[in-house]
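Read through the structure below, which is laid out as structure tokens, and then see the notes.
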Amino acid sequence: MELKDAVKALAAIAHESRLTVFRLLVQAGPAGLPAGQLAEKTGIPPSSLSFHLKELVHAGLLKSRQEGRFVIYEARFESMAELLAYLTENCCGGDPCTPMPLIDGSAPPPANAGCSKTTP
């Protein structure tokens, strides 16, 4: 992923409505959700939702497909993975990191959690 693509993707999800839609579609998995159901679940008016969906598609984070009279939107997991890889490619000075531990949400992880290097 190039810098301009990362900036475009980050700018697209740097909006409360678009981030909410993106997270819903990540939860929905490859099946995606129709635009009408997204509007219902988010409470975003269809005209506004259409604008936000267009922005996410333009940034490469979503794709759409026609199924009968419905437009189904789904997260582009490969783009999400590329963005995460781009953001973390220099973690630990380029050395591989260990996977992040699962956390029950009760406390934030230590600053170096998931990193294979620790600072003294």
Next on the checklist: Starting from Ile13, can I reach Leu84 by hopping between I/L/V/M/F/W/Y residues whose side chains sit under 4.5 Å apart?
Outcome noted: yes

Next on the checklist: As an exercise, state the distance from NZ of Lys63 to CD of Glu74, rounded to the nearest 0.5 Å.
Outcome noted: 4.5 Å

Checklist entry - Between Val71 and Gln66, is any pair of side-chain heavy atoms under 4.5 Å apart? => result yes

Checklist entry - Should Leu24 and Lys41 count as side-chain neighbours, where that means a heavy-atom distance under 4.5 Å? => result yes

Item to check | Sequence neighbours excluded - side-chain hydrogen bond (donor to acceptor under 3.5 Å, both in side chains) pairs with any residue from residues 12-29 | outcome: Arg18-His52

Item to check | Cluster overlap Val26 with Leu61, hydrophobic side-chain contacts below 4.5 Å | outcome: yes

Next on the checklist: How long is the straight-line distance from CD1 of Ile72 back to CD of Gln37, given to the nearest 0.5 Å?
Outcome noted: 8.0 Å

Item to check | Test log, rule salt bridge (Lys or Arg N to Asp or Glu O under 4.0 Å), inputs Arg65 and Glu67 | outcome: CA-CA 6 Å; Arg65 67 182 186 278; Glu67 283 188 9; 2.9 Å; yes

Item to check | Where Leu83 and Ala9 come nearest, the two heavy atoms and their spacing | outcome: CD2-CB, 4.0 Å

Item to check | Leu49 to Ala35 - nearest heavy-atom pair and separation | outcome: CD2-O, 3.4 Å

Checklist outcome for this item: Distance col, row Glu40:CD vs Leu33:CG, nearest 0.5 angstrom, shows 10.5 Å

Next on the checklist: Do Tyr73 and Val57 have side chains that approach each other closer than 4.5 Å (heavy atoms only, starting at C-beta)?
Outcome noted: yes

Item to check | Minimum heavy-atom distance Gly60-Ser79, with the two atoms named | outcome: O-OG, 2.8 Å

Item to check | Stepwise side-chain contact (heavy atoms from CB on, under 4.5 Å) check, Met80 with Phe22 | outcome: CA-CA 10 Å; Met80 183 176 70; Phe22 183 74; 3.9 Å; yes

Next on the checklist: Show, in sequence, the C-alpha distance, side-chain angles and deciding distance for Tyr86 and Asp5, and conclude whether the side-chain contact (heavy atoms from CB on, under 4.5 Å) test is met.
Outcome noted: CA-CA 10 Å; Tyr86 179 82; Asp5 298 322; over 6 Å; no

Checklist entry - How long is the gap from CG on Leu25 to CZ on Phe77, to the nearest 0.5 Å? => result 8.0 Å

Next on the checklist: Please find the pair of heavy atoms, one from Lys8 and one from His58, that lie closest to each other, and give the distance.
Outcome noted: CD-O, 3.7 Å

Item to check | Donor-acceptor contact present, side-chain Ser48 to main-chain Ile44, <3.5 Å | outcome: no

Checklist entry - Does a side-chain heavy-atom distance below 4.5 Å link Leu38 with Leu53? => result yes

